[in-house]
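Data block below; observations after.
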Amino acid sequence: MIGKNNPLIRFLKKHWGVFFVLVIWMAFSYPYFFQGKVPYPSTYQVNHFKPWSMYEKYWGPVKNGAMPDIIDQIYPWRHFSISSWMQGEIPLWNPNNFAGNPHIGNFQSAAFSPVNLLFFILPFVDAWSIAILLQSLFAGVWLYLFLRETKISMSAACIGAISFMFCGFMVVWMGYGTLGFAVAFLPLALYAVEKYSNTKKIRYLPLLSFSVAASLFSGHFQTSLYVMLFSFLYTVYKGFSLGPTWGLRLLLAFFIGGVISLIQLLPSMQLYTYSQRSESFNTGGGIPFWYLITAIVPDFFGNPVTRNDWAGFYAEWASFVGIIPLTLALFVSQKKQKNVIFFIIAALVSLLFALDTAFQGFIGQLKIPVLSTSYPARAIVLWSFSLAVLSGFGFEQLTRFVAEKNKKSIITRFVLIGSIVLVVWLLIMFGKVLPMDKLAIAKRNLILPTAMFGLFSISILSLLFLKVRYKLLIITAIVLTLTSFDSLRFVTKWMPFDPKSFVFADTSVIQAMKKNIGYGRVYGNLGAVETYYDLPSIEGYDPLYIQRHGEVVSSAFDGTFRQAERSVVQLNRNGIYVDRVLDLLGVSLIFHPIADTNQTWAYPVWDKSKKYSRIYKDDKFELYRNNTVLPRATLFYKYEVIPDAKKTIERFYTEAFDFRHIVLLEEKPSLSEEQINSGSGKAVITLYKPNKIVIQATSSKPAFLFLSDTFYPTWKVSVNGQQKKIYIADHAYRAVEVPQGEAEVIFTNSF
């Protein structure tokens, strides 16, 4: 017979809060664990990305079409990272985008994330799925632990945890598996600080160091920077109350975490200086004040999932916390609850950072790396986090007010929130603040939050005025139910769970490309397959890429110098010098959807029969071999020196310039023109790995070996065992002097 002294009952009674958070998480994760679906937008992939979108068998409904970056960036990059680790290589370099680009330096590769251990245990798609789902669980459980350590009840800690684990920021960025983890380690860091402050036990200091490093390894530097600022200030705040000795230990643990993360930070800082992003600053991008209504009515302006969003940027401006947590946050009392004032100030300051104000322009003009180059609206996550914490403290205070029968304090707060809701209703009904065709969207989505607030306030007031047993238990049940329902409704509406079989499904044309690519590159209307399938490309999409390569590609449009694009390198299909770039950079394979024939947006391979030979055809696609392409490794016996980088571009795109026989350098080499003139020879790639390239060269005279991979300072070269200088060639690529006769040239990449 089970009694109150049963160990299981005692355990559940002591830890029911954690189990409640776990149950809510399992309710959200149900489609993966019990229906075999994955938290990945695979229906969007096969309906909107080639080659899959051309096959009728994949056509069908798409739940969420607002996650393209997962498909053509995050998922393939993680796949490349794991594949490299499994082959015993550090994933320093990705040869499949941008004619070669630093991979670890690309912060979003998350190559050092501790979550990557899952990929060594489970199949890739399952490891990915578990990782995506763990973000909300970690955020919820760790915030629960932190709130419990602040000595509030399990009920209050549960409310704060649930409101944070499914807040707007966590939900809209969950599918990426980077931003969510970056912020999920924030409550763990605060828990370590709070636990150490309360116990003075040294074992919690390594936990703080781990949390700092793990956030920075998670794959989104902007979010991690916000987390670092927040947790550092909290560490300082608690350190002052502990005294100098204990406080310095806390700070030391924090900085040790930062030192550990240098293995990620230093390569990223280096790539940042070589990228276009280092010159691109934002003076806006904050959330308009009027958009904050979405904190309680997330779909007031529609939702991308239902294809009716019409104002603002749903993901970038996501501020949802829920009407119940927001109401509870108003109940906090700085007189009776420690730490409250810190989180009130944090909420207000983070909101200032996130809102569209003159402050945004000021930050942009300061040209601070990351803070001035990214969209500031994402600072809203700290506001959401602070409100989640305050909602836990607020619930604790609400229960005190009920126990004390403090009707005035409770009614005052309900009247405040109720007045805001009423004003919103009056504005949309009579104020003509929205277009007539959008009113229905706002009204429909305002009904449920209004009903929830009405049910919440009426229930609390009824319990306050009536003599009822177990008042606090009933209040807890009402608040947990409403908060959980609102959060689950929001996250399940946004997050796709799609068929596992659609995730990078193999096709015959992909196999044909892999078979024919050799050491060449592919070009065509592709957006997701290059990195995942190891098909090298000169194009790419990434906030951090080598700027000079982007300038070469952009300038091919008309031959005049053009700045690199902010986050993308895409060769204009109808540019004047497209063929020159394709030939120089070793693009040996052209991917062509048959349906694109004679379309203005497609590269006109069908009009270039002498240049291209068709080597593959099915009912959807054709592949063409480039007959005039230069090998990726080529010997040159003529050079020109042009110190001015912009003039190098202009010279390269001069109509009469012989790019097949003349290499452009920016500094005078040791070889004279007389030494190398009229030579002949060949270069053959015998080994090509991401971090090591071996080339055998045979030449009748000294020559320049040109490699059409991007120049980057982490690469070194040896010729017949002797270290040599790598020259910047043709503005963005590599050249090295090789002697007469046989030469083994080895390029190696390292930190």
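What you are looking at is a predicted structure, and each value in this text was computed from that prediction instead of being measured. Each residue takes its place number in the sequence, starting with 1.
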Distance-minimising heavy-atom pair for [X] and [Y]:
{"X": "Ser155", "Y": "Trp16", "result": "OG-CZ2, 3.5 Å"}
{"X": "Pro298", "Y": "Phe490", "result": "CB-CE1, 3.6 Å"}
{"X": "Phe107", "Y": "Leu265", "result": "CE1-CD2, 3.9 Å"}
{"X": "Pro39", "Y": "Met495", "result": "O-CE, 3.7 Å"}
{"X": "Phe185", "Y": "Phe181", "result": "CD1-O, 3.0 Å"}
{"X": "Ile104", "Y": "Ser268", "result": "O-OG, 3.8 Å"}

Polar side chain donor-acceptor pair, [X] to [Y], under 3.5 angstrom:
{"X": "Ser81", "Y": "His103", "result": "yes"}
{"X": "Gln87", "Y": "Ser83", "result": "no"}
{"X": "Gln270", "Y": "Tyr274", "result": "no"}
{"X": "Thr531", "Y": "Asn97", "result": "yes"}
{"X": "Asn406", "Y": "Ser409", "result": "yes"}
{"X": "Glu149", "Y": "Asn198", "result": "yes"}
{"X": "Ser215", "Y": "Ser224", "result": "yes"}
{"X": "Arg566", "Y": "Gln276", "result": "no"}
{"X": "Glu194", "Y": "Tyr234", "result": "yes"}
{"X": "Asp69", "Y": "Tyr541", "result": "yes"}

Could you tell me whether the side chain of [X] and the main chain of [Y] form a donor-acceptor pair under 3.5 Å?
{"X": "Lys200", "Y": "Ser197", "answer": "yes"}
{"X": "Thr714", "Y": "Asn749", "answer": "no"}
{"X": "Ser153", "Y": "Ala156", "answer": "yes"}
{"X": "Asn691", "Y": "Thr748", "answer": "no"}
{"X": "Arg148", "Y": "Ile152", "answer": "yes"}
{"X": "Ser487", "Y": "Ser484", "answer": "no"}
{"X": "Thr483", "Y": "Leu480", "answer": "no"}
{"X": "Ser384", "Y": "Ile380", "answer": "yes"}
{"X": "Gln135", "Y": "Ile132", "answer": "yes"}

Do the ring planes of [X] and [Y] sit parallel (below 30°), tilted (30 to 60°) or perpendicular (above 60°)?
{"X": "Tyr291", "Y": "Trp317", "value": "perpendicular"}
{"X": "Phe124", "Y": "Tyr75", "value": "perpendicular"}
{"X": "Tyr204", "Y": "Tyr191", "value": "perpendicular"}

CZ (Phe120) with more than 12 external heavy atoms under 6.0 Å: yes

Within 6.0 Å of CE in Met26, more than 12 heavy atoms from elsewhere: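 For Met26, atom CE is crowded (more than 12 foreign heavy atoms under 6.0 Å).
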
Any chance you could measure [X], atom [atom1], to [Y], atom [atom2], to the nearest 0.5 Å?
{"X": "Tyr176", "Y": "Arg78", "atom1": "OH", "atom2": "CZ", "result": "14.0 Å"}
{"X": "Ile263", "Y": "Phe112", "atom1": "CD1", "atom2": "CZ", "result": "3.5 Å"}
{"X": "Phe497", "Y": "Leu133", "atom1": "CZ", "atom2": "CG", "result": "5.0 Å"}
{"X": "Asn94", "Y": "Asn106", "atom1": "CG", "atom2": "CG", "result": "8.5 Å"}
{"X": "Lys195", "Y": "Leu188", "atom1": "NZ", "atom2": "CG", "result": "12.5 Å"}
{"X": "Asp486", "Y": "Leu482", "atom1": "CG", "atom2": "CG", "result": "8.5 Å"}

side-chain contact (heavy atoms from CB on, under 4.5 Å) between Asn101 and Trp93, worked out: CA-CA 6 Å; Asn101 202 56; Trp93 188 263; 5.5 Å; no

Would you call [X] and [Y] a side-chain contact if the rule is heavy atoms closer than 4.5 Å?
{"X": "Phe401", "Y": "Arg413", "value": "yes"}
{"X": "Phe169", "Y": "Leu179", "value": "yes"}
{"X": "Trp494", "Y": "Met67", "value": "yes"}
{"X": "Met170", "Y": "Val183", "value": "yes"}
{"X": "Trp246", "Y": "Leu250", "value": "no"}
{"X": "Ile260", "Y": "Phe217", "value": "yes"}
{"X": "Tyr712", "Y": "Trp715", "value": "yes"}

Leu186 vs Phe385, side-chain contact (heavy atoms from CB on, under 4.5 Å): CA-CA, chis, key distance, verdict: CA-CA 9 Å; Leu186 173 57; Phe385 176 77; 3.7 Å; yes

Between Phe342 and Phe230, ring centroids under 6.0 Å: yes

Centroid separation Phe353 to Trp383 less than 6.0 Å: no

Audit row: Arg378, Val381, side-chain contact (heavy atoms from CB on, under 4.5 Å) steps and yes/no: CA-CA 6 Å; Arg378 292 174 187 168; Val381 65; 5.9 Å; no

Matching residue for Phe166 among Phe485, Phe28, Phe320 - test: ring-ring contact (aromatic ring centres under 6.0 Å, His included): Phe28

ring-ring contact (aromatic ring centres under 6.0 Å, His included), paired with Trp142, selected from Phe146, Phe138, Tyr144: Phe138

Worked check of side chain to side chain donor-acceptor pair (under 3.5 Å) between Asn339 and Thr150: CA-CA 8 Å; Asn339 299 332; Thr150 64; 5.4 Å; no

Ile159 and Thr476: CA distance, side-chain angles, deciding distance, side-chain contact (heavy atoms from CB on, under 4.5 Å) verdict: CA-CA 9 Å; Ile159 292 163; Thr476 298; 6.0 Å; no

